[in-house]
Amino acid sequence: ETGVTQSPTHLIKTRGQQVTLRCSSQSGHNTVSWYQQALGQGPQFIFQYYREEENGRGNFPPRFSGLQFPNYSSELNVNALELDDSALYLCASRRLGQGDYGYTFGSGTRLTVV
Amino acid sequence: EDKVVQSPLSLVVHEGDTVTLNCSYEVTNFRSLLWYKQEKKAPTFLFMLTSSGIEKKSGRLSSILDKKELFSILNITATQTGDSAIYLCAVVVVQGAQKLVFGQGTRLTINP
């Protein structure tokens with residue numbers, strides 16, 4: 001139990017479909033970032049939200065988008081799913097100004113695209 | 001492009017052995033280096049390193065950073081089967097926003 005909850009835990013989608021993944025952060029954690037971890041790889045930064053606005057983005061196309069809500073929850077949306085989108089998606093939250101040790105990761109959503 | 005490389009990618013040892021995991025990096029705007037243990041899904045925090053030459057220690061685990069040579073090592077002594085996991089090295093970089101740049105991870109297997 002990390003204090004950061006992600007849902008669903010597993011998901012199977014068909015190529016071309018759209019998916020929404022959810023993350024519920026700890027109270028007071030006003031920064032949330034999303035990472036994609038392909039099998040056998042380290043997590044890759046998708047984007048970060050602070051106070052409901054995107055303030056950093058990795059090398060991911062615009063079909064990856066997100067939202068952050070005032071209640072410390074957030075969403076990752078992926079449109080036009082491709083087979084290579086199959087991965088574990090992790091969200092990590094922290095309170096801005098907290099030390100770098102303060103990232104708390106959720107257990108992830110494993111997405112399979114067929 | 002920011003890059004973090006871990007070695008070895010996979011390691012199998014016997015219980016009681018000592019292991020050393022390596023992490024080298026080439027990034028702009030380095031802020032700190034983090035080590036995580038990933039057993040099933042959620043990475044859990046082990047160490048944060050910001051200064052060269054200062055060893056961080058927690059039980060059988062220890063880690064050190066060399067900012068001149070741009071690498072870090074994670075040592076585990078007297079390994080136990082519960083140490084079996086993927087160990088991730090991540091560098092915190094700040095370019096506007098702050099982000100973690102991860103290495104590929106080292107999959108450590110401890111056999112009884």
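Every chain is numbered from 1, with letters handed out A, B, ... down the list of sequences. Hydrogens, waters and symmetry mates play no part in the numbers below; they use all other heavy atoms, side chains included.
Options Gly42(A), Ala38(A), Gly108(A), Gly40(A) differ in how many heavy-atom pairs under 4.5 Å they form with chain B, and the most are formed by Gly42(A). The choice from Arg94(A), Gln44(A), Arg110(A) that makes the most heavy-atom pairs within less than 4.5 Å of chain B is Arg94(A). Of the listed residues (Gln104(B), Gln98(B), Lys40(B)), the greatest number of heavy-atom pairs within a distance under 4.5 Å of chain A belongs to Gln98(B). Chain A forms more heavy-atom pairs under 4.5 Å with one residue of Leu46(B), Val101(B), Thr50(B), Leu34(B) than with any other, namely Leu34(B).
Of the inter-residue distances, the one linking Gln38(B) atom CD with Leu90(A) atom CG reads 6.5 Å to the nearest 0.5 angstrom. To the nearest 0.5 Å, atom CG of residue Leu88(B) and atom CD of residue Gln41(A) are 11.0 Å apart.
Transitive grouping of hydrophobic side chains (ILVMFWY, heavy atoms separated by less than 4.5 Å) brings Val4(B) and Tyr87(B) into a common cluster. Cluster annotation: Leu11(A) is connected to Leu81(A) through the hydrophobic network of ILVMFWY side chains, with a link wherever side-chain heavy atoms come within less than 4.5 Å. A chain of hydrophobic side-chain contacts below 4.5 Å, direct or via other Ile, Leu, Val, Met, Phe, Trp or Tyr residues, connects Phe60(A) to Val32(A). In terms of hydrophobic clustering, with Ile, Leu, Val, Met, Phe, Trp and Tyr side chains grouped at heavy-atom distances under 4.5 Å, Phe30(B) and Trp35(B) are assigned to a common cluster.
Taking each heavy atom of Ala42(B) and Gly106(A) in turn, the nearest pair found is CB-O, 3.2 Å. When all heavy atoms of Gly56(A) and Ala97(B) are compared, the closest pair comes out as CA-CB, 3.9 Å.
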* Before giving the answer on ring-ring contact (aromatic ring centres under 6.0 Å, His included), spell out for Phe102(B) and Phe45(A) the whole-Å C-alpha distance, their side-chain angles and the decisive distance to 0.1 Å. => CA-CA 9 Å; Phe102(B) 282 89; Phe45(A) 176 70; over 10 Å; no

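Only the side chain of Tyr36(B) comes within contact range of chain A, with heavy atoms under 4.5 Å apart. Residue Tyr50(A) does not touch chain B at all, counting heavy-atom pairs closer than 4.5 Å.
Under a cut-off of 6.0 angstrom, the local environment of CD in Gln18(A) is crowded, with over 12 non-hydrogen atoms contributed by other residues, nucleotides or ligands.
Between Phe45(B) and Phe105(A), a ring centre-to-centre spacing not shorter than 6.0 Å is recorded.
Counting heavy atoms from C-beta outward, Ile46(A) and Lys99(B) have side chains that stay 4.5 Å or more apart.
Tyr103(A) places no side-chain N or O within 3.5 Å of a backbone atom of Leu100(B) that could act as its donor or acceptor partner.
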